[in-house]
Amino acid sequence: MTSVLNPIKLAGRGLLTLLWQQDRPLVGSVILTDRCNLQCYHCAVSNHNSQDYPYEQIQTDMQALFDRGCRILFLYGGEPLLWSDGDHAFLDVVQLARKKGFWLVNAVTNGTLPLDIPGMDLCLVSLDGNREHHNAIRGETYDLVLESIRQAKHVTVILYMAINTINLADIETVAELARSLPNVQAVSYNFHTPYPGTESLTLNRDERLSASRRIARLIDQGYPVLNLKSALPLIARNTAPVPDKHCLVAENGQIWVCGRCRDIPGLCQQCGFFFAAEYSLVFTGRPRVLLDLAKTYSRLLKKVPAC
């Protein structure tokens, strides 16, 4: 069986941080490549150099995150499943992360490639609305993504939706899809982060608040939503304590605290990345958020057979 993170372990880490003021990061992300097989309308971070970073550098970046305390690992691109370096492929990166001892090894993918990767725990698959809106954002890939999900038998799939002005009406549609697909455990929502050139997709404050209330209702109705209900109003108002020092991002030898958006003036204050805000609230010891995390993760993150 692959090991899915025990939420009590994560909540315990939050309490230790609160009681002993530990500053060690927990969540680490390694960007493997900026190469991607899509040209998504809302994306501003892919195909700048179409470069796959060397395996040795990825190994160094991963070790640096582990040494600094990270135990939850996300693998990003571009499209991370495309990554290769000589004889090395994406599977080798997953196996390396497992050997290093990360509690949870995850990939964030566009879902157009086979998803059953031995040793991977969570596969966060981007699905940005109904067929019409997803295809408007990501090209004609909706049906391909659903077929990839249906074929994924040995990995926990989480739908990953970035809410923007195109797909704002589809929050409930994606939750319903998450509930109806046997191979999907949950949906995780984010708000669009307005990287330069994508500002027109940004939700205003009222839209974010309305969207957060809709997500909260889905949680109350028992839909499989991985986000934490008590964190939603703070995320919608951009009042969560970010940047979060417990999240690190590594790319080709450079490490950022929380995310690359910190290099763009003013963008951090408009960040729509729910995980960073949720973890920042967990590590400030907010009782309701800690309780939500324990309940939500234990209910939705289940073990699946290894390949």
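Basis for what follows: all heavy atoms, side chains included, without hydrogens, waters or symmetry-related copies.
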Check: [Y] main-chain N/O paired with [X] side-chain donor or acceptor under 3.5 Å:
{"X": "Asp244", "Y": "Ala277", "result": "no"}
{"X": "Ser210", "Y": "Asp206", "result": "no"}
{"X": "Asn167", "Y": "Asn164", "result": "yes"}
{"X": "Asp52", "Y": "Ser84", "result": "yes"}
{"X": "Asn110", "Y": "Leu38", "result": "no"}
{"X": "Lys153", "Y": "Arg150", "result": "yes"}
{"X": "Asn106", "Y": "Met120", "result": "no"}
{"X": "His134", "Y": "Asp128", "result": "yes"}
{"X": "Trp83", "Y": "Ile31", "result": "no"}
{"X": "Tyr189", "Y": "Ile171", "result": "yes"}

Under 3.5 Å, is there a donor-acceptor pair linking the side chains of [X] and [Y]?
{"X": "Asp292", "Y": "Ser230", "answer": "yes"}
{"X": "Asn227", "Y": "Asn190", "answer": "no"}
{"X": "Gln63", "Y": "Gln59", "answer": "no"}
{"X": "Arg138", "Y": "Ser126", "answer": "yes"}
{"X": "Glu172", "Y": "Tyr223", "answer": "no"}
{"X": "Ser280", "Y": "His246", "answer": "no"}
{"X": "Arg205", "Y": "Asn238", "answer": "no"}

For the student: nearest non-hydrogen atoms of [X] and [Y], plus distance:
{"X": "Tyr41", "Y": "Ala136", "value": "CB-O, 4.2 Å"}
{"X": "Leu300", "Y": "Ala186", "value": "CD1-CB, 3.9 Å"}
{"X": "Cys258", "Y": "Ala276", "value": "SG-CB, 3.8 Å"}
{"X": "Gly111", "Y": "Ser148", "value": "O-OG, 2.9 Å"}
{"X": "Thr33", "Y": "Pro80", "value": "CG2-CA, 4.4 Å"}
{"X": "Pro54", "Y": "Asp85", "value": "CA-OD2, 3.4 Å"}

Using 0.5 Å steps for rounding, measure from the [atom1] atom of [X] to the [atom2] atom of [Y].
{"X": "Lys229", "Y": "Glu278", "atom1": "NZ", "atom2": "CD", "result": "14.0 Å"}
{"X": "Leu201", "Y": "Ile137", "atom1": "CG", "atom2": "CD1", "result": "7.0 Å"}
{"X": "Asp220", "Y": "Arg213", "atom1": "CG", "atom2": "CZ", "result": "13.5 Å"}
{"X": "Asp92", "Y": "Asp87", "atom1": "CG", "atom2": "CG", "result": "9.0 Å"}
{"X": "Leu82", "Y": "Thr112", "atom1": "CG", "atom2": "OG1", "result": "7.0 Å"}
{"X": "Gln254", "Y": "Gln57", "atom1": "CD", "atom2": "CD", "result": "11.0 Å"}

Flag yes if [X] and [Y] sit in one hydrophobic cluster, no otherwise; membership is Ile, Leu, Val, Met, Phe, Trp, Tyr, and two members link when side-chain heavy atoms are under 4.5 Å apart.
{"X": "Leu291", "Y": "Val289", "result": "no"}
{"X": "Val125", "Y": "Leu73", "result": "yes"}
{"X": "Ile166", "Y": "Ile215", "result": "no"}
{"X": "Leu91", "Y": "Leu75", "result": "yes"}
{"X": "Leu65", "Y": "Val93", "result": "yes"}

- Message: Would Val157 and Val155 count as a side-chain contact (heavy atoms from CB on, under 4.5 Å) here? Give the steps.
- Response: CA-CA 6 Å; Val157 174; Val155 65; 4.1 Å; yes
- Given Phe66 and Phe102, is the ring pair (Phe, Tyr, Trp, His ring centres under 6.0 Å) satisfied, shown in steps? CA-CA 8 Å; Phe66 192 88; Phe102 286 97; 5.2 Å; yes
- Applying side chain to side chain donor-acceptor pair (under 3.5 Å), run through Asp170 and His133 and close with a yes or a no. CA-CA 8 Å; Asp170 298 341; His133 293 151; 2.6 Å; yes
- Hey, can you tell me if Phe275 and Phe273 have their rings parallel, tilted or perpendicular (30° and 60° cut-offs)?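 Rings of Phe275 and Phe273: perpendicular, as their planes differ by over 60°.
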- Checking side-chain contact (heavy atoms from CB on, under 4.5 Å) for the pair Arg98/Asp121: CA distance, chi angles, key distance, verdict? CA-CA 10 Å; Arg98 293 249 75 98; Asp121 292 306; 2.9 Å; yes
Contact between [X] and [Y] at the side-chain level, heavy atoms closer than 4.5 Å - yes or no?
{"X": "Asp61", "Y": "Glu251", "value": "no"}
{"X": "Pro241", "Y": "Thr284", "value": "yes"}
{"X": "Phe283", "Y": "Leu26", "value": "yes"}
{"X": "Leu248", "Y": "Trp256", "value": "no"}
{"X": "Ser188", "Y": "Leu159", "value": "no"}
{"X": "Phe74", "Y": "Val105", "value": "no"}
{"X": "Tyr195", "Y": "Thr193", "value": "yes"}
{"X": "Leu104", "Y": "Leu122", "value": "yes"}

- Ring centres of Phe274 and Phe191 under 6.0 Å apart?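 Yes, close enough.
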- Message: Assess whether a salt bridge exists between Lys100 and Asp67, defined as any Lys/Arg side-chain N lying under 4.0 Å from an Asp/Glu carboxylate O.
- Response: no
- Salt-bridged, Glu79 to Arg35, with N to O below 4.0 Å? no
- Message: Pair Thr296, Leu228 - check side-chain contact (heavy atoms from CB on, under 4.5 Å), show working.
- Response: CA-CA 7 Å; Thr296 302; Leu228 307 182; 4.0 Å; yes
- Task: Identify, with sequence neighbours excluded, every residue that meets salt bridge (Lys or Arg N to Asp or Glu O under 4.0 Å) alongside Asp143.
- Result: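 Arg131.
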- Full working for side-chain contact (heavy atoms from CB on, under 4.5 Å) between Val184 and Ile158: CA-CA 6 Å; Val184 172; Ile158 307 293; over 6 Å; no
